[in-house]
Novice: 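Attaching a single structure in C-alpha cells format; questions to follow.
Order of appearance sets the numbers: ligands from 1, and atoms from 1 within every ligand. The figures here come from the full heavy-atom set of this structure, side chains too, leaving out hydrogens, waters and symmetry mates.
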Amino acid sequence: LLLDPQNPGLSQPQRAELQTLADNIEYMFGIVGIPVTEIAIAAQAVGIKYVGMRNEQAACYAASAVGYLTGRPGVCLVVSGPGFLHALGGIANATINCWPLIVIGGSSDRNQETMGAFQEFPQVEAGRLYNKLSVRPSSLEVIPAVIEKAVRTSMYGRPGSCYIDIPGDFVNLQVNKSSVKYVECCLPPPISMAEHSAVSKAASVIALSKQPLLIVGKGAAYSHAENNIRKLVELCGLPFLPTPMAKGVVPDNHPNCVAAARSMALQHADVIILLGARLNWILHFGLPPRYRQDVKVIQIDICAEELGNNVMPAATLLGDINAVTQQLLEEFSKRSWKYSLNSEWWKKLRGKIKNNEERSKELALQKSLPMNYYTVFHHIRELIPKDCILVSEGANTMDIGRTMLPNFYPRQRLDAGTFGTMGVGLGFAIAAAMVARDRTPGRRVICIEGDSAFGFSGMELETICRYNLPILIIVVNNNGIYTGLDANSWEEMLKFGDPATCVPPVSLLPNAHYEKIMSAFGGKGYFVKTPEELQNALKASVSDKQTPSLINVMIDPQSERKKQEKKSWIFV
Ligand code: ADP
Ligand code: MG
C-alpha cells in the first residue's frame with residue numbers, strides 16, 4: 001500500500017500520522033529499502049521534502065544540521081539493522097552537539113523477532129544510550145502521539161535526538177479512524193528565565209571584574225540570541241570569544257572580538273561569562289593551566305545538569321540564553337556600568353591580537369609552491385561571499401580555516417563539533433543548501449574539507465548533483481591525514497614492498513583527483529596547484545550560482561600550522 005493521501009486505500013490514521021509529521025517537519029533525509037520505502041513516499045506526498053542520500057551516516061548528519069539551522073528537527077529515515085547502525089553515528093553526534101533530531105527506523109516484523117529475522121537488531125535498546133527518547137509505538141493508533149512526543153522531546157529543554165522504531169508489519173496494517181489518538185503538533189519550546197537574584201549576583205560579579213571575558217557558545221547561536229549578545233557586548237564593553245560554531249553570533253570583525261588572542265584571553269580572565277558553551281575539551285575544562293585557579297565563572301545554560309560541571313560557578317543562570325541576556329541587559333541598563341576600553345586588559349588583548357594576525361599574514365603571503373594552508377585560506381577569504389554558510393572539517397583544514405575565515409552572521413558555520421566527527425561535511429552542506437534554498441535563496445554553501453575528511457562521505461557528491469544543489473566544495477589536499485607524502489616520496493616508499501607494510505598510516509594517494517568525481521556526476525571540477533589557478537577556480541565557481549563544483553587544491557603535504565604554536569589535533 002503506497003501511502004499517498006490521494007490513495008482511496010489510505011486509512012485515516014495513516015493520513016493523521018502523515019499530517020502530524022508534516023506540520024512539524026519540513027525535511028527528511030534517508031535511504032529507503034524494506035520496510036521504509038513507503039514512509040518516504042508518503043512523506044513526499046504530504047509535502048515533506050525527501051532527500052535520498054548514499055549513506056545513513058551522512059543522512060543523519062544532514063537531518064541534525066536542519067535541527068540546528070531551523071530550530072525544528074529534521075528526520076532521518078533508515079532501514080533496519082545495518083541502516084539503523086550507520087545512523088547511530090549521526091544520532092550520537094546530534095545529541096552530543098545538543099541538536100534536535102528525529103530518526104525513524106524500520107525494524108523486522110514483530111512476529112519474527114528473536115527468530116533471526118532479516119536485519120534483526122535490538123534497535124530500541126541500542127538507541128537508548130544516545131537518544132533522549134528511544135521508543136517503538138505499541139500500536140498504529142498511538143503513532144501520532146508518539147511522533148508528537150518525540151518532536152517535542154527533541155526540542156524542549158536541552159535539544160537532542162529521538163528515535164522511533166517502526167516494525168515492518170506496521171506498514172501494511174490498518175486501523176479504525178475512531179480508535180486513533182490524534183495529537184496536534186507541539187508548540188515551540190517554552191521560554192524560561194533566570195531567577196532575579198541570580199541575575200543581580202551575576203551582574204555584581206561582572207561589575208567587580210578586572211579582566212572579564214564573555215564566551216559565546218553554539219547554544220547561544222541556537223537560541224537566536226545574537227541581537228541581545230551584541231547589545232550586551234557593546235553596552236558593557238566586554239571582550240568576547242566565540243567557540244567554533246558560535247562564530248558570527250557577533251560578527252568576527254567586531255572590535256570586541258578577541259578570537260585572535262584566544263589562549264591569552266582564557267588564561268588571564270578573572271571573570272568568564274559562559275553563554276551556552278560547556279566547559280569540556282573545547283574549552284579545556286575551565287581548569288588551570290589554561291585558566292586562572294581563581295577564575296569566577298558565570299554560567300548560563302538551559303540545562304540545569306550542566307551547571308557546575310568541572311568548575312564551581314560563581315553564579316548560575318538557568319534559562320534560555322535569549323531571555324537571560326535580555327535580563328542581563330535590563331540589569332546593566334539600571335547599573336550603567338561599562339568596562340573601560342582603556343584598561344590594561346584591553347591593551348594586552350589588543351597587542352596580542354595584532355601580533356597573532358601579523359604572523360598569519362606572513363604565512364599567507366608566502367609565494368613558495370606548493371602552497372601552505374594560510375595562502376589557500378587567504379585567497380578563499382578574499383573571494384567567497386560574506387554571507388555564505390561555511391561548512392568545515394578536517395584536522396588542520398578545520399583548525400586553520402577557523403582562524404583565517406571570518407563569519408559575519410549567526411548559524412553560518414558548521415563543523416566537526418563537540419564530538420569531533422569527521423565525515424559530517426557533505427551531509428551538513430546538503431542540509432544547509434536545502435534550508436538556504438527555501439529560506440534565503442541565493443545564499444551559497446561553501447564546504448571546505450581536508451582530503452581525508454572528504455573521503456568519509458565523498459559519494460554524497462552524487463546526491464548534491466542529483467538535487468542540483470549549487471554547493472562549492474573545496475578539498476584542501478595534502479595527500480593524507482594531518483600530513484602526507486609527495487608523489488616522489490610515495491614512489492620511494494613503494495620500493496620497500498607492499499604499501500600496507502611500508503606506507504605511513506597517515507598517507508593517502510598523492511595527487512588524487514577528487515574533482516573528477518564531481519565532474520563524473522555533471523558538476524564542475526577544478527584541479528589547482530598555484531594561487532592563480534585557485535583564484536580563477538574560485539571566481540568561476542562563486543559566480544556560477546547553478547552548478548555544484550569542487551576545487552581540489554594541492555598544498556604542501558608537509559604544511560602545518562604556525563610553528564610557535566603547540567601541535568595538537570585541534571585548538572591551540
Ligand atoms: P560549544 O561547542 O559552542 O562550546 P556546547 O555545545 O558545548 O557549545 O554547549 C552548548 C550549550 O548550550 C549546552 O550546554 C546546551 O544545554 C545549551 N543550550 C542549548 N540551547 C540553549 C538555549 N536556548 N538557551 C540556553 N542554553 C542552551
Ligand atoms: Mg589531509
Novice: Is it the case that atom OH in Tyr130 sees more than 12 heavy atoms from other parts of the structure closer than 6.0 Å?
Specialist: no

Novice: Show the atoms of ligand 1 that are less than 4.0 angstrom away from any heavy atom in Gly276.
Specialist: 8 (O), 9 (O), 10 (C), 11 (C), 12 (O)

Novice: If hydrogens are left out, which of Tyr222, Trp281, Phe419 has an atom nearest to atom 20 (N) of ligand 1, that is, the closest non-hydrogen atom?
Specialist: Tyr222

Novice: Measure the spacing between CG of Leu232 and CD of Gln326 and express it to the nearest 0.5 Å.
Specialist: 10.0 Å

Novice: Show, in sequence, the C-alpha distance, side-chain angles and deciding distance for Glu148 and Arg152, and conclude whether the salt bridge (Lys or Arg N to Asp or Glu O under 4.0 Å) test is met.
Specialist: CA-CA 6 Å; Glu148 188 276 341; Arg152 180 161 41 86; 2.9 Å; yes

Novice: Could you walk me through whether Arg72 and Glu26 pass the salt bridge (Lys or Arg N to Asp or Glu O under 4.0 Å) test, one step at a time?
Specialist: CA-CA 9 Å; Arg72 293 193 83 83; Glu26 288 172 79; over 6 Å; no

Novice: One residue to check: Ala246. Relative to ligand 1, which of side chain, backbone, both or neither has a non-hydrogen atom less than 4.0 Å away?
Specialist: neither

Novice: Just do the salt bridge (Lys or Arg N to Asp or Glu O under 4.0 Å) check on Glu515 and Lys524 with the steps written out, would you?
Specialist: CA-CA 8 Å; Glu515 79 287 355; Lys524 291 215 174 101; over 6 Å; no

Novice: Using only atom types and a distance under 3.5 Å, with no angle test, would you say the side chain of Thr403 pairs donor to acceptor with the backbone of Ile400?
Specialist: yes

Novice: Donor-acceptor check, side chain of Tyr373 to backbone of Ile555, threshold 3.5 angstrom: yes or no?
Specialist: no

Novice: What part of Ile321, side chain, backbone, both or neither, has a heavy atom within less than 4.0 angstrom of ligand 1?
Specialist: both

Novice: Considering the heavy atoms of Gly217, write down every atom of ligand 1 situated less than 4.0 Å from one of them.
Specialist: 3 (O)

Novice: To which protein heavy atom is atom 3 (O) of ligand 1 closest, and what is the distance rounded to 0.1 Å?
Specialist: Thr243 OG1, 2.4 Å

Novice: Is it true that, when you exclude Met459 itself, more than 12 heavy atoms of the residues, nucleotides or ligands shown sit nearer than 6.0 Å to its CE?
Specialist: no

Novice: I need the atoms of ligand 1 closer than 4.0 Å to a non-hydrogen atom of Gly319, numbered in the order shown.
Specialist: 24 (N), 25 (C)

Novice: Can you list the atoms of ligand 1 that are under 4.0 Å from a heavy atom of Ile302?
Specialist: 16 (O), 18 (N), 21 (C), 22 (C), 23 (N), 24 (N), 25 (C), 26 (N), 27 (C)

Novice: Taking heavy atoms and a distance under 4.0 Å, where does Asp320 meet ligand 1: side chain, backbone, both or neither?
Specialist: both

Novice: Tell me, yes or no, whether the heavy-atom count around Met404 atom CE, taken from other residues, nucleotides or ligands under 6.0 Å, exceeds 12.
Specialist: yes

Novice: Taking atom NZ of Lys296 as the centre, does the number of heavy atoms from other residues, nucleotides or ligands within less than 6.0 Å exceed 12?
Specialist: no

Novice: Is Ser223 close to ligand 1, meaning an N/O of one under 3.5 Å from an N/O of the other?
Specialist: no

Novice: Looking at non-hydrogen atoms alone, which of His224, Arg278, Met245 comes nearest to atom 6 (O) of ligand 1?
Specialist: Arg278

Novice: Quick one: nearest non-hydrogen protein atom to atom 12 (O) of ligand 1, plus distance?
Specialist: Gly219 CA, 3.2 Å

Novice: For atom 13 (C) of ligand 1, what is the nearest protein heavy atom, given as residue, atom name and distance?
Specialist: Asp301 OD2, 3.4 Å

Novice: Please say which of Phe29, Tyr68, Trp99 ends up in a ring-ring contact (aromatic ring centres under 6.0 Å, His included) with Phe428.
Specialist: Trp99

Novice: Within the 4.0 Å heavy-atom shell around Cys303, which atoms of ligand 1 are there?
Specialist: 16 (O)

Novice: May I ask you to list the atoms of ligand 1 that are less than 4.0 angstrom from any heavy atom of Thr418?
Specialist: 2 (O), 6 (O)

Novice: Please write down residue, atom name and distance for the protein heavy atom closest to atom 2 (O) of ligand 1.
Specialist: Lys218 NZ, 2.8 Å

Novice: Which of the atoms in ligand 1, numbered in the order shown and given with their element, are less than 4.0 Å from a heavy-atom of Asn280?
Specialist: 7 (O)

Novice: Which residue, Lys247, Lys231, Arg411, forms the salt bridge (Lys or Arg N to Asp or Glu O under 4.0 Å) with Glu226?
Specialist: Arg411

Novice: Going from CG on Asn93 to OG1 on Thr418, what distance comes out if it is rounded to the nearest 0.5 angstrom?
Specialist: 8.0 Å

Novice: Any ion pair linking Glu305 and Arg158 (charged N to carboxylate O, less than 4.0 Å)?
Specialist: no

Novice: Taking the Mg ion (ligand 2) as the center, what protein N, O or S atoms are found at less than 2.8 Å?
Specialist: Asp451 OD1, Asn478 OD1, Gly480 O

